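I have placed the structure first, in the form of structure tokens, so that the comments after it can refer back to it.
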Number of protein chains: 2
Amino acid sequence: MEDHELKMEFDELLPLRDVVFNSLRQGILEGELKPGERLMEVHLAKKLGVSRTPIREAIRMLELEGLVTMVPRRGAEVAMISADDMRDVLEVRRSLDSLAVILACERIDEDEKERLKNAESDFEDAIKTKNATLIAQADVKFHDIILAASKNKRLLQMVNNLAERVYRYRLEYVKDEKNHEKLISEHHLIMDNIFSGNREEAKRAIEVHIDNQEKNIIKQLSEEGR
Amino acid sequence: MEDHELKMEFDELLPLRDVVFNSLRQGILEGELKPGERLMEVHLAKKLGVSRTPIREAIRMLELEGLVTMVPRRGAEVAMISADDMRDVLEVRRSLDSLAVILACERIDEDEKERLKNAESDFEDAIKTKNATLIAQADVKFHDIILAASKNKRLLQMVNNLAERVYRYRLEYVKDEKNHEKLISEHHLIMDNIFSGNREEAKRAIEVHIDNQEKNIIKQLSEEGR
DNA sequence: CAACTTTCTTAATGATCCGATATTAATTCA
DNA sequence: TGAATTAATATCGGATCATTAAGAAAGTTG
């Protein structure tokens, strides 16, 4: 078993379980910990320099997030994602993102409009750098502002949870330069329709946006399908 | 502090944390453990006859489910539900239930159609008994079949999680005999539109169904609002 | 001789118990 | 009456014991 570089940020005030949780979560999302890989308590405890208790509690949380699965009497492993699972996730995400956009049309305030404009231009700048991580970050920021504008905290939480699962594949998607122009025009269309309060068009725009991602992700999954 | 009657079912094969989790979850949903009430580890451990570790792990799970909130260095307490939270929950639930019905229109099979018909007539029977718990159970069953017919496991999981939070209030809603006839006709309308594959009408029907619940729940919340 | 079975060892989780630390509440003194 | 100190209480994190499953090695059988 190779050794991984799990970084621990010691936020003095945060309980250890949350530090461990964030560390493992990041490791899984960035692909450092690969699907199917076992997460052994003693091993992780030694590596992160804490006892087993916070490790176990973090694993319980990751389990409910769906990022790890428990095998009884064997322990935790990074969750596998089947094409079926991914289809389910994207189907729900499409619906919730539509809802977010519709609500944002009605509830967005001037400050958020300004921030959304900035996020959009930051996104275009990121595209120019052709740095996938940077682009993905700017993309997340853009969508987060829309979610915040929906003024629905639970919706925000649920969409973020779904987005986690797609993160690694979206990274590949935004890496491909063929998609860059399309991404920019889609973001523009979404933003403009939110600004003009055109709910139906905004909804359609975000659905196209998600559908395009979905096509690509399904393709990726079938290609790596062993 | 009064003593509660938390029942533990010792399912030999289930890990203790899951037994504790289910026990506490049920206690919260049925209103035995009231919002704001503190959940103290040693106390619960003694009461349930287990050590503190499974209690702690169960609390971590309940925290992520949103049923309890953690106060740093003070411990866990049953989550309060504000009217704003409830509005958020119902807004999302409306959207996801719409999705479930739309998908069910396309994907329902003959077996499920049969089961849905039976569930619907069981529901009418339950209404006749005027037993709120029985009615609520039959109602859950009806909606569960639709969710299963959507063939989307994540959607099923997420809607069930949202439904948890509404459970106590829905109980009050179905208890009121004024709503009985309306409930039956709404269920009928939903079912008929699914059978005929009429997506738009089915969607509208379920949305009306949820909206009616929402009105009542918001009213309940404002009445008990102290 | 090979393949299958059985047993034994190892290693990891599941659960209990314990020590340290921080917060809250009560009591005492100014 | 108010502030400060102390005592009680509960979480946070760690160490230990028990249970179980997987893997290796040895023995048996076809």
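This is a predicted model, so every value here is computed, not measured. Letters go in sequence order (proteins before strands), and every chain restarts at 1.
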Exercise. To the side chain of B:R52, which of C:dA15, D:dT11, D:dG14 is closest?
Worked result: D:dT11

For this session: Please list, chain by chain and in numerical order, all residues satisfying side chain to side chain contact (heavy atoms under 4.5 Å, CB included) with A:L134, sequence neighbours excluded.
Result: A:T129, A:N131, A:Q137

Exercise. Can you tell me how far P of C:dT13 sits from CG of B:L16, to the nearest Å?
Worked result: 17 Å

Problem set entry | Sole candidate of B:L39, B:V68, B:V71 that passes side-chain contact (heavy atoms from CB on, under 4.5 Å) when paired with B:E77 | B:V71

For this session: Report the distance from atom CE of A:M40 to atom P of C:dT10, rounded to the nearest whole Å.
Result: 18 Å

For this session: Could you check whether the rings of A:H209 and A:H187 sit parallel, tilted or perpendicular, using 30° and 60° as the cut-offs?
Result: perpendicular

Exercise. Between B:D122 and B:K141, does at least one N-O distance fall below 4.0 Å, as a salt bridge requires?
Worked result: no

For this session: Grab the CE-P distance between A:M70 and C:dA12 for me, whole Å please.
Result: 14 Å

Exercise. To the nearest angstrom, how far is B:E57 atom CD from D:dG13 atom C1'?
Worked result: 14 Å

Problem set entry | Listed nucleotide nearest any side-chain atom of B:S51, set D:dC12, C:dT13, C:dA15 | C:dA15

For this session: Would you mind classifying the nucleic acid contact of B:L39 as base, sugar-phosphate or nothing, using non-hydrogen atoms under 4.0 angstrom?
Result: sugar-phosphate

For this session: Can you see which heavy atom on B:A132 is nearest to which on B:L171, and at what distance?
Result: O-CD1, 4.0 Å

For this session: Calculate the interatomic distance between A:R56 atom CZ and C:dT16 atom P; express it in whole Å.
Result: 10 Å

Problem set entry | Closest approach of B:L156 to B:D144 (non-hydrogen atoms, all atoms of both residues) | CD1-O, 4.4 Å

Exercise. What nucleic acid atoms does A:R17 come within less than 4.0 Å of, heavy atoms only: base, sugar-phosphate, or nothing?
Worked result: sugar-phosphate

Seminar exercise, completed: Of D:dA10, C:dT13, D:dG14, the nucleotide closest to the side chain of B:R38 is D:dA10

For this session: Rounded to the nearest angstrom, tell me the gap between atom NE2 in A:H43 and atom P in C:dT13.
Result: 11 Å

Exercise. Between the main-chain N or O of A:D18 and the side-chain N or O of A:N22, is there a donor-acceptor pair closer than 3.5 Å?
Worked result: yes

Taking N or O atoms only and anything under 3.5 Å, show me the protein contacts with nucleotides 22-25 of chain C, one pair per line.
none

Problem set entry | Most 5' of B:E41 and B:T53 on DNA chain D, judged by nearest nucleotide | B:E41

Exercise. What's the CD1-P distance between A:I55 and D:dC12, to the nearest Å?
Worked result: 16 Å

Problem set entry | Nearest to side-chain heavy atoms of B:P54, which nucleotide of D:dT11, C:dT16, C:dT13 | C:dT16

